[in-house]
Amino acid sequence: MFRTMMKSKIHRARVTEANLNYVGSITIDQNLMDQVGILPHEKVQIVNNNNGARLETYVIAGERGSGVVCLNGAAARLVQPDDVVIIVSYAMLSEDELADFKPKIALMGENNKVEEIVEEEPPLTALPM
């Protein structure tokens with residue numbers, strides 16, 4: 001049996017741009033992608049904390065160190081610059097892989113810089129706004 005598990009999470013990133021005229025996807029700073037193990041063209045789920053919108057798209061690598069988080073194409077209708085989003089990727093794991101599996105969760109600070117990388121989230125955690 002395979003289970004779909006959270007593989008990577010970028011928690012509380014700020015949207016820097018929303019580009020309606022692009023074909024589609026989300027552009028993410030390559031440094032941030034590297035820190036959580038998200039690859040270009042990988043499928044991700046985006047959750048907008050400001051309005052509750054949820055969508056799926058794929059990732060395009062943005063300029064390293066830029067802090068860019070830009071929703072492109074139709075997804076740009078669901079976000080505004082400065083919205084806070086959660087970006088999640090998933091992986092299908094076999095029962096054997098589950099014992100050693102640890103997701104990478106980036107807790108974000110100002111200017112889309114990683115404050116901390118954790119492997120699990122405590123239940124019922126309220127993070128500072």
Side-chain angles (χ1 to χ4, degrees):
M1 176 187 337
F2 286 91
R3 295 182 187 260
T4 304
M5 305 296 291
M6 178 182 68
K7 178 184 75 71
S8 306
K9 179 177 175 183
I10 301 169
H11 188 77
R12 297 187 58 83
R14 288 220 177 257
V15 174
T16 58
E17 303 172 55
N19 185 349
L20 184 61
N21 295 314
Y22 190 81
V23 176
S25 69
I26 182 171
T27 304
I28 303 173
D29 179 327
Q30 180 70 60
N31 286 345
L32 183 52
M33 292 170 55
D34 292 347
Q35 288 180 282
V36 296
I38 293 176
L39 298 175
H41 311 293
E42 187 169 344
K43 180 180 176 179
V44 291
Q45 178 183 43
I46 313 298
V47 180
N48 187 331
N49 282 8
N50 291 73
N51 64 20
R54 291 175 174 260
L55 64 112
E56 292 179 342
T57 190
Y58 63 93
V59 176
I60 292 177
E63 181 181 343
R64 286 188 181 280
S66 65
V68 67
V69 174
C70 177
L71 277 294
N72 300 303
R77 296 235 185 245
L78 301 175
V79 300
Q80 298 294 312
D82 211 37
D83 281 359
V84 174
V85 295
I86 299 168
I87 304 164
V88 184
S89 71
Y90 300 92
M92 294 191 65
L93 302 174
S94 69
E95 294 288 328
D96 293 339
E97 294 172 303
L98 289 174
D100 296 324
F101 175 72
K102 302 239 187 275
K104 289 185 180 178
I105 303 160
L107 304 178
M108 304 304 291
E110 293 297 315
N111 301 313
N112 287 337
K113 301 296 182 206
V114 175
E115 286 188 350
E116 185 178 4
I117 300 281
V118 297
E119 294 177 341
E120 66 179 53
E121 300 165 304
L124 305 174
T125 298
L127 297 174
M129 306 285 279

Checking Asn50 side chain against Val84 main chain: does a donor-acceptor pair fall under 3.5 Å? yes
For a quick test of reading the model, state the closest non-hydrogen atom pair linking Ala106 to Leu32 and the distance between them. CB-CD1, 4.4 Å
Side-chain touch Thr57/Val44, heavy atoms, less than 4.5 angstrom: yes
Could you tell me whether a side-chain N or O of Asn111 sits under 3.5 Å from a main-chain N or O of Lys113, the two making a donor and an acceptor? no
Can you see which heavy atom on Thr16 is nearest to which on Pro81, and at what distance? O-CB, 4.1 Å
Side chains of Tyr22 and Ile60: closer than 4.5 Å at any heavy-atom pair? yes
Ala13 and Val69 have their tightest heavy-atom pair at CB-CG2, 4.2 Å
Got a second to check how far Glu42's CD is from Tyr58's OH, nearest 0.5 Å? 14.0 Å
So, taking the atom named CG in Leu55 and the one named CD in Gln45, what distance separates them when rounded to the nearest 0.5 Å? 8.0 Å
Which is it for Leu39 and Met33 under the side-chain contact (heavy atoms from CB on, under 4.5 Å) test, yes or no, and what are the steps along the way? CA-CA 7 Å; Leu39 298 175; Met33 292 170 55; 5.6 Å; no
Minimum-distance pair of heavy atoms, taken over all atoms of Ile38 and Ser8: CG1-CB, 3.7 Å
Between Arg12 and Glu115, is there a salt bridge with N-O shorter than 4.0 Å? no
Residues in side chain to side chain donor-acceptor pair (under 3.5 Å) contact with Asn112, at least two apart in sequence or another chain: none
Just verifying a value: how many Å separate Ile105 CD1 and His11 NE2, rounded to the nearest 0.5 Å? 9.5 Å
May I ask whether Val59 and Leu78 are part of the same hydrophobic cluster, defined by side-chain heavy atoms of I, L, V, M, F, W, Y residues being less than 4.5 angstrom apart, directly or through others? yes
Suppose the criterion is salt bridge (Lys or Arg N to Asp or Glu O under 4.0 Å): which pairs have a residue in residues 60-78, not counting sequence neighbours? Asp34-Arg64
Apply the test side-chain contact (heavy atoms from CB on, under 4.5 Å) to residues Leu107 and Val118: give CA-CA distance (whole Å), side-chain angles for both, the deciding distance (0.1 Å), then the verdict. CA-CA 8 Å; Leu107 304 178; Val118 297; 4.3 Å; yes
Of all heavy-atom pairs linking Phe101 and Lys7, the shortest is CZ-CA, 3.8 Å
Which heavy atom of Ser89 sits nearest to which heavy atom of Lys43, and what is that distance? CB-O, 3.8 Å
Any side-chain to backbone donor/acceptor pair from Lys9 onto Pro103? Under 3.5 Å, distance only. no
Spacing of Glu116 atom CD and Met108 atom CE [to the nearest 0.5 Å]: 12.5 Å
In this structure, which one of Asp83, Ile26, Ile46 forms a side chain to side chain contact (heavy atoms under 4.5 Å, CB included) with Val15? Asp83
Atom pair CD1 (Ile86) and CD1 (Ile10), whose distance is rounded to the nearest 0.5 Å: 11.0 Å
Suppose the criterion is side chain to side chain donor-acceptor pair (under 3.5 Å): which pairs have a residue in residues 92-109, not counting sequence neighbours? Arg3-Glu95, Ser94-Glu97
How many angstroms lie between CD1 in Ile28 and CG in Leu71, if you round to the nearest 0.5 Å? 9.0 Å
